[in-house]
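The chains referred to below are lettered A, B, ... by the order of the sequence lines, with proteins before strands, and numbering in each begins at 1.
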Amino acid sequence: MIKITFPDQSVKEFEGGVTPYAVAESISPRLAQDVLVAKVNDEMWDLSRPIESDAKIELFKWDSDEGKHAFWHTSAHLLAEALQELYPGIQFGFGPAVENGFFYDVMPANGVAISENDFPKIEAKMMELARQDEKLIRREVSKADALSEFKAAGQTYKCEHIDQDLEDGTISTYTQGKFTDLCRGPHIPSTGIIKAVKITNVAGAFWRGDAKREQMTRIYGITFPKKKLLDEYLVMIEEAKKRDHRKIGKEMELFMFSDRVGKGLPIWLPKGTDMRLRLQDLLRRLMKPYNYQEVITPGIGSKQLYVTSGHWAHYGKDAFQPIQTPEEGEEYMLKPMNCPHHCEIYASKPRSYRELPLRICEFGTVFRYEKSGELHGLTRVRTFTQDDAHIFVRRDQVKKEFENVIDIIQAVFRIFKFENYEAQISLRDPADKEKYIGSDEIWEESQNAIREACREKGMQTREEIGEAAFYGPKLDFMVKDAIGRRWQLGTIQVDYNLPQRFKLEYTTDDNSKETPVMIHRAPFGSMERFVAVLLEHTAGKLPLWLTPDQVAILPISEKFNDYAESVRKELDKSGIRAFIDDRNEKIGRKIRDNELKKVPYMLIVGDKEQQNGEVSIRKQGAGDEGSKKIAIFAADLVQEVENQINNSTAN
RNA sequence: GCCGUUUUAGCUCAGUGGUAGAGCACAUCCUUGGUAAGGAUGAGGUCUCGGGUUCAAAUCCCGAAAACGGCUCCA
């Protein structure tokens, strides 16, 4: 008998060689039916794989990441099996599960192309195979056997993978039906559990992610254990498309791109600019209690500045190349970062410890070369404006100042109702020290300062090794939007290196010289990216305080245009942004159109309202709210705006 | 940058070798209306650009550009 320990620490005895499936059965038939995969002693484990000695066990169903992962991993094999039947001689690369489904990288024989038109055929074949409900059978094989087996099958990529990456004694294969794949596992017990499949996308992908190697065809798909779940997923995808900031930005006339101006260069239209300036004002307001000093620095800088900062060595060849003055041949770079300029501001006069922390902020527009295929709406562009700041502190002030910045970022998230966010601490990879500059001691100190600040703030954090910037560790904030997608927004980075490179110093209380530490921070990240995320999060229904058009005034007929204008003027005195819809249309039409434009308030004005100096109020999404005096409506609205911004600035 | 797909009116899209279409938006006129689409008329296009094939190209072929989906990258 062996002892099996469950996650709740309870222990049960079983015969040696018991399978996780049998363990699940012993708990309940329902669990046995739903369980997909197990974890035995922290190793992922097939349900049919025997357990020979005492072990910890965890069982996973569809509702867990582990369960989904195994389900999609098996689905990748099912896709491969289908492709093998449909495209004889096809070769396989890698076929893993990913966040939403799975993919398989393949190379069809004789240069055959697989396109969207082939998806229905592939889906049908996968379902046909799934209905045969084949078991997935695990086999452990020697390296030599694996090589000869996959060589015989003509799978050159698999052979390369076995040959170069795998060690004898660790190799296993999985077989379902007529398809055998090299695979570590684990898998769900059989393909019959897969009830719905959607091939979502096809794209090129380099073998082993190496741009110098062959380009394979990557086929993406997603599967579900119930048809209904697929339908829900497809609805969610549709919703995401409707929320696409590129579509909404165009509809709302916030920003545009022009081929003639150049790709990746966003143009902020009047309404977008209006909104962006309001966002900047919000930040200024949030920064006010912390004594930031706003500056404006040039859009270019001498190349030598970036040689000093280290950016030239690290990014020079991947940046827009330096521009030269025609007569003198001086070299300038389009500004890719604001920090060197801010270091020069610090260095412009002798500094005392009494001045620290010194907080320099700038809405600084930077230019970065991005490869053309990487550009995407407002989220990936070649010029953008950072809500940047550089804070110069003493080493013993790092933690406290870090906390101050966290407060600002959290206030931003509260105001925009990003309730789900994750904080990621990006650390240096100790195995790859050449990638980074600075001493071990300094890295340790700064990484710990971040950890402690997060702990003080009671934040849940995740640590990622090797994700740090080359000059220091950072804390990144990822928010989840209204339909659950993750976006990276705010960032805080500690930098002990740049101040040294710029030979920055301050005079201490005992009249010696010390080098300050620099904290880079951007609560929004960039104005462009933030606006994109905000549009997708709100589906374009911007909060009242931010939206370019707060109020639409709708005259019943043109006889009331003059009254409408007097209402507009009155609201304008309170800083309310209102416009008159004086088109020659009936009131129903005006209501419908402005409702679809997501204008937060509509004011209907006709004879009754004019007689009483009132407006009839209609709230977006809510309908008729009755009439009020103009001044009362204006005061209510001003109050609503104040509440939206203020309830989050209190602490 | 690489692979694939796409590019037709301001927007969303149909058309597919033989005189360029729809809906919405826009303009003019009628209508002057009370809480989610009033009616009529009209204007609007080098069918992304450059070559080629053809009696004839928006349509077929080649090249370029841009957008989109991935890959790779992201200070």
Side-chain angles (χ1 to χ4, degrees), chain A residues 98 103 105 113-117 200-220 241 244 246-247 250-251 253 257-264 306 309-316 318-319 335-340 366-377 379-382 384 386 388 437 467-472 474 488 491 493 495 497-498 520 522 529 554-561 583-597 602-609 616-627:
Chain A
V98 291
F103 65 78
D105 285 346
I114 299 176
S115 78
E116 266 176 51
N117 301 330
T200 50
N201 199 3
V202 58
F206 299 114
W207 167 236
R208 288 168 173 275
D210 182 347
K212 292 184 193 67
R213 299 293 305 264
E214 309 84 302
Q215 179 125 1
M216 306 184 75
T217 303
R218 176 169 295 182
I219 301 176
Y220 284 87
K241 273 190 204 153
D244 191 319
R246 293 167 299 190
K247 182 168 141 50
K250 189 184 252 178
E251 282 168 6
E253 297 181 354
F257 292 88
S258 155
D259 290 1
R260 278 190 281 273
V261 172
K263 59 184 163 184
Y306 302 101
S309 71
H311 291 109
W312 175 255
H314 271 263
Y315 296 99
D318 298 320
K335 180 169 73 172
M337 293 287 285
N338 301 303
C339 27
V366 297
F367 301 84
R368 295 181 185 177
Y369 167 70
E370 302 283 358
K371 290 188 216 155
S372 58
E374 287 155 2
L375 302 171
H376 179 93
T379 58
R380 202 72 189 272
V381 288
R382 285 178 170 170
F384 56 93
Q386 297 178 306
D388 210 0
I437 54 181
E467 292 291 306
F470 72 85
Y471 50 74
K474 57 182 181 172
Q488 200 220 299
T491 178
Q493 313 182 356
D495 187 350
N497 297 297
L498 213 49
H520 310 242
R529 195 179 165 77
L554 316 183
I556 291 283
S557 79
E558 69 187 24
K559 281 187 283 195
F560 307 102
N561 284 355
R583 291 174 304 160
N584 182 6
E585 295 291 350
K586 291 199 190 177
I587 196 67
R589 180 55 182 272
K590 293 183 185 180
I591 288 169
R592 176 183 156 82
D593 288 349
N594 287 290
E595 192 79 32
L596 293 176
K597 275 167 68 187
M602 282 175 259
L603 301 180
I604 291 150
V605 293
D607 193 33
K608 263 185 303 186
E609 289 76 16
S616 170
I617 301 160
R618 223 190 125 92
K619 194 168 181 171
Q620 206 267 339
D624 195 346
E625 303 225 310
S627 297

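To the nearest 0.5 Å, the span separating NZ on A/K474 from CD on A/E467 amounts to 7.0 Å. Note that NE2 of A/H376 and CZ of A/R529 are 9.5 Å apart. Values are rounded to the nearest 0.5 Å.
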Below 3.5 Å is the cut-off: list the nitrogen or oxygen pairs between protein and nucleotides 72-75 of chain B, distance only.
unit_1, atom_1, unit_2, atom_2, d
B/U72, O2, A/E374, OE2, 3.1
B/U72, N3, A/E374, OE2, 3.3
B/C73, O2, A/E374, OE1, 3.2
B/C73, O2, A/E374, OE2, 3.1
B/C73, O2, A/R380, NH2, 2.6
B/C73, N3, A/R380, NH1, 3.3
B/C73, N3, A/R380, NH2, 3.3
B/C74, O2, A/R380, NE, 3.3
B/C74, O2, A/R380, NH2, 3.2
B/A75, O4', A/Y315, OH, 3.1

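Residue contacts for A/G377: at a heavy-atom cut-off of 4.0 Å it reaches the sugar-phosphate backbone alone, with no base atom in range. Nucleic acid contact class of A/G588 (heavy atoms, under 4.0 Å, all strands): sugar-phosphate only. The residue A/I556 sits close to a base: some heavy atom pair falls under 4.0 Å. Using a 4.0 Å heavy-atom cutoff across all strands shown, A/T217 reaches no nucleic acid atom at all. Heavy atoms of A/D607 sit under 4.0 angstrom from at least one base atom. Among the heavy atoms of the strands, none lies under 4.0 Å from A/E253. Heavy atoms of A/K590 sit nowhere under 4.0 angstrom from any nucleic acid atom. Nucleic acid contact class of A/D593 (heavy atoms, under 4.0 Å, all strands): none. Looking at heavy-atom distances under 4.0 Å, A/D624 makes contact with a base.
Counting to the nearest Å, the P atom of B/C29 and the CD atom of A/E558 are 11 Å from each other. In this structure, A/D105 places its CG atom 16 Å from P of B/C3, rounding to the nearest Å. Summarising the geometry, the separation between NZ on A/K586 and P on B/C30 is reported as 17 Å, rounded to the nearest angstrom. Taking atom CZ on A/F257 and atom C1' on B/U48, their separation rounds to 19 Å, with Å as the unit. Following rounding to the nearest Å, A/I604 (CD1) and B/G33 (C1') show an atom-to-atom distance of 12 Å. Taking atom CZ of residue A/R583 and atom P of nucleotide B/C30, one finds them 19 Å apart after rounding to whole Å. In this structure, A/E625 atom CD and B/G34 atom C1' are separated by 17 Å, rounded to whole Å. Atom pair A/I587:CD1 and B/U32:C1' shows a separation of 12 Å (rounding to whole Å applied).
The shortest side-chain heavy-atom distance between A/E609 and A/P555 does not fall under the 4.5 Å cut-off. Residues A/M216 and A/F206 have side chains not in contact (no heavy-atom distance under 4.5 Å, counting atoms from C-beta outward). Between A/L603 and A/I617, the closest side-chain pair of non-hydrogen atoms falls below 4.5 Å. A/K597 has its side chain out of reach of A/E251: every pair of non-hydrogen atoms, C-beta onward, lies at least 4.5 Å apart. Put simply, the side chain of A/F103 does not reach to within 4.5 Å of the side chain of A/I219, judged on heavy atoms. You'll find the side chain of A/I591 reaches within 4.5 Å of the side chain of A/I604, heavy atoms only. Using a 4.5 Å heavy-atom cutoff, the side chains of A/W207 and A/D105 are not in contact. No side-chain heavy atom of A/R618 sits under 4.5 Å from any side-chain heavy atom of A/E625.
The same atom, P, is picked in B/A9 and in B/G45; the two are 11 Å apart, to the nearest Å. Taking the P atoms as reference points, B/G51 lies 16 Å from B/A56, given to the whole Å. The gap from the C1' atom of B/C24 to that of B/A14 amounts to 15 Å, rounded to the nearest Å. Distance check on atom P: B/A25 versus B/A40 gives 14 Å, rounded to whole Å. Separation of the P atoms belonging to B/A65 and B/C11 is 23 Å when rounded to the nearest angstrom. For the C1' atoms, the distance from B/A57 to B/C49 is 15 Å, rounded to whole Å. Here the separation of B/C3 from B/U46, taken at their C1' atoms, is 32 Å to the nearest Å. B/U48 sits 10 Å from B/A58 when the P atoms are compared, rounded to a whole Å.
Out of B/G69, B/A66, B/C71, the shortest distance to the side chain of A/A205 is found at B/C71. Across B/U35, B/U12, B/G34, the shortest atom-to-atom separation from the side chain of A/K608 is found for B/G34.
Within the 4.0 Å cut-off from OP1 or OP2 of B/G69, at least one side-chain nitrogen or oxygen of A/R246 is found. When the side-chain nitrogen and oxygen atoms of A/H376 are compared with OP1 and OP2 of B/G70, none of them lie within a distance under 4.0 Å. Phosphate contact (OP1/OP2 of B/G4, side-chain N/O of A/Y220, threshold under 4.0 Å): absent.
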CA sep, side-chain torsions, deciding dist, call: A/R589, A/D593, salt bridge (Lys or Arg N to Asp or Glu O under 4.0 Å) = CA-CA 6 Å; A/R589 180 55 182 272; A/D593 288 349; 3.1 Å; yes
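Summary of the strand contacts: A/G606 and A/Q215 both lie near RNA chain B, and taking for each the nucleotide with the nearest heavy atom, the more 5' one is attributed to A/Q215. A residue-by-residue look at A/I617 and A/N584 shows that A/N584 has its nearest nucleotide of RNA chain B further toward the 5' end.
Contact annotation: side chain of A/D259 to base of B/U48, donor-acceptor pair absent below 3.5 Å. With hydrogens and angles ignored, no donor-acceptor pair under 3.5 angstrom links the side chain of A/R589 to the base of B/A37. Looking at A/E585, its side chain has no donor and acceptor atom pair within 3.5 Å of the base of B/G39.
Under 4.0 Å is where a charged nitrogen must lie from a carboxylate oxygen, and between A/E374 and A/R380 at least one such pair does.
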query = Could you write out RNA chain B as a dot-bracket string, with dots for unpaired bases, | for bases paired across to another strand, and Watson-Crick or G-U pairs counted at under 3.5 Å?
reply = (((((((..((((....[..)))).(((((.......))))).....(((((..]....))))))))))))....
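Here the two rings, on A/H520 and A/Y471, have centers that are under 6.0 Å apart.
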